[in-house]
Amino acid sequence: MKYEITREPLALESLIEAVRTDACGAVVAFLGVVRELGDGDQPVDGLSYEAYPAMALPEMRAIGEEASHKFGEARLAIAHRIGDLRLGEASVAVAVAAPHRGVAFDACEYAIDQLKERVPIWKKEHFRSGEARWRPNAPRP
Amino acid sequence: MKYEITREPLALESLIEAVRTDACGAVVAFLGVVRELGDGDQPVDGLSYEAYPAMALPEMRAIGEEASHKFGEARLAIAHRIGDLRLGEASVAVAVAAPHRGVAFDACEYAIDQLKERVPIWKKEHFRSGEARWRPNAPRP
Amino acid sequence: MRVRILAFAGVREIVGAAQRTVEVPAGATAGRVWDDLAREFPRLSEIARSTRLARNGALVERDAALQDGDELAVMPPFGGG
Amino acid sequence: MRVRILAFAGVREIVGAAQRTVEVPAGATAGRVWDDLAREFPRLSEIARSTRLARNGALVERDAALQDGDELAVMPPFGGG
C-alpha cells in the first residue's frame, strides 16, 4: 500500500496509519535497527545503505502484494532508509494490518525475509576501528 | 521491561524506546486495534475494557519474562488500555527487541497469545444497534 | 470473618457493585462464598460454570480455604487483547 | 551501440563511478559487457562470481542480448534489511 526508499528517518506511525482500516484488528510491525555487533563480530558505529531504486521499489511492491494474499487478507507498507545511519537508527520498517493477528505476523515475517533476499539494496559496515566493508545478507537457513 | 495498564491512548514509540538497546537489531511490535466487526458479526462502534490490575500487571510481567528467555534473548514491553475505546484505537501493544528477528517475532506472538489467555482483562462490545455484550476470547485452536 | 468480593465484567453488572464485603464462617472456602453470591443473584448461574476465582491475586480452586481479610476475585472468562 | 552500466556497492567503489556509458558491438550480451568491465578492473574478479546482472531493472542471465540504450546493472549480493 506504501513503498518507499528514503534518506529521512523512518516514521513507523505513518506506515501504520497507511495500512490500518476499520476492518483490521491486528497490526504487526518490524523495524530493523543498526546494532553494535553486526553480522561480523567487530563493533560498528554506523552503517551506510545504497539502493537501486528503479529496481528495488517494484520488488518491494511485489513482495508486499505477495504477502497481502499469501496468508489471508493483509495490507502492507515497506520503507527502507538509505544513506548513513548511526547506532539505534532504523534501516527498514514493515507495517502490516489484517483482520486477525496470525495473518499479520506471517505476512510481516515473510516480507522482511523476502526483502533481504530479493531487493537490490547494499549495506556497508563502518567499524569503530575506522575500517569498513560491504556486508551481504547471509543466505537463508 | 515495562508493563502497564492505562486509560490513556497507547504510545507505541515509547514502548519501543523502552525495550531497544544497542545490542538489538530487530524490533517487532503488535497492536490490537478495535475493528468494525468484532468476533461476532455485528458491527461495533466501540469497546470498553476493564481489568483487575493487581493480578493483571504481575501476570503481564510473568508473560514478558517467560517470553524474554523462551526463544532466545529478548526484551519486552506490554501495555493494555482500559476504559472506552473507539474504532481504530489500540487496546493492547506489545514491543519486543532482540538481537535477531526470529526471536523477536516468536516472543511477540507468544506474549499476545498468552495475554489473551491468562491476563484478567474483560472486553465489552458496543454494537451500533445500541446493544452491548461482554465478549470472552475464543479458546486457542 | 470478613472477605472482600471483587466482581468483574458481567458479574459486576449483575451484582451491581465492583466490591462487596461479606461476613462468612471461619474456614469458608472460595467456592462457598461464590455459591452464596450466586444464590443471592440467580442471574449469575448462567456464567457460574465458566467463572474462575482468585484469592489475593492468585488463581485458586473452589476448595481453597479463605482467611479473614482475603480478597476473592470472581472472574468470568477473560477478553483482553 | 551504447549501453549504460550501473555499478553498485563494492563494484561502484572499484570502478570509481556509479554510472558509465560504453560502446559495444550490436547484439553484445550482458555477460560480455560485464566481462569487459572486469577485465578493465581486475579487482572485480574477486566478486565477479557472486554478482548478478539486471537489464532495465529486471534480472537477466549472462547470455541476454542487449539493445542500444539499455541499462545494465551490475549487482553484488544484496545487504538490505
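Basis for what follows: all heavy atoms, side chains included, without hydrogens, waters or symmetry-related copies.
With values rounded to the nearest 0.5 angstrom, D22(A) atom CG is found 11.5 Å from R86(B) atom CZ.
Atom CD of E73(A) sits in a sparse spot, with 12 or fewer heavy atoms from other residues, nucleotides or ligands closer than 6.0 Å. The environment of R118(A) atom CZ is dense: over 12 non-hydrogen atoms of other residues, nucleotides or ligands sit within 6.0 angstrom.
The shortest side-chain heavy-atom distance between L12(B) and I16(A) falls under the 4.5 Å cut-off. Between R101(A) and D113(B) the shortest side-chain heavy-atom distance falls below 4.5 Å. Counting heavy atoms from C-beta outward, V33(B) and R20(A) have side chains that approach closer than 4.5 Å. Proximity of R35(B) to H100(A): side-chain heavy atoms (C-beta onward) are separated by under 4.5 Å at one or more points.
In terms of non-hydrogen atom pairs under 4.5 Å with chain A, the most contact-rich of C24(B), S91(B), A29(B) is A29(B). For the options G32(A), C108(A), A95(A), heavy-atom pairs under 4.5 Å to chain B are most numerous at C108(A).
For chain A, the nearby part of A23(B) is the backbone; its heavy atoms alone come within less than 4.5 Å.
Relative orientation of the F105(B) and F105(A) rings is perpendicular, given thresholds of 30° and 60° on the angle between their planes.
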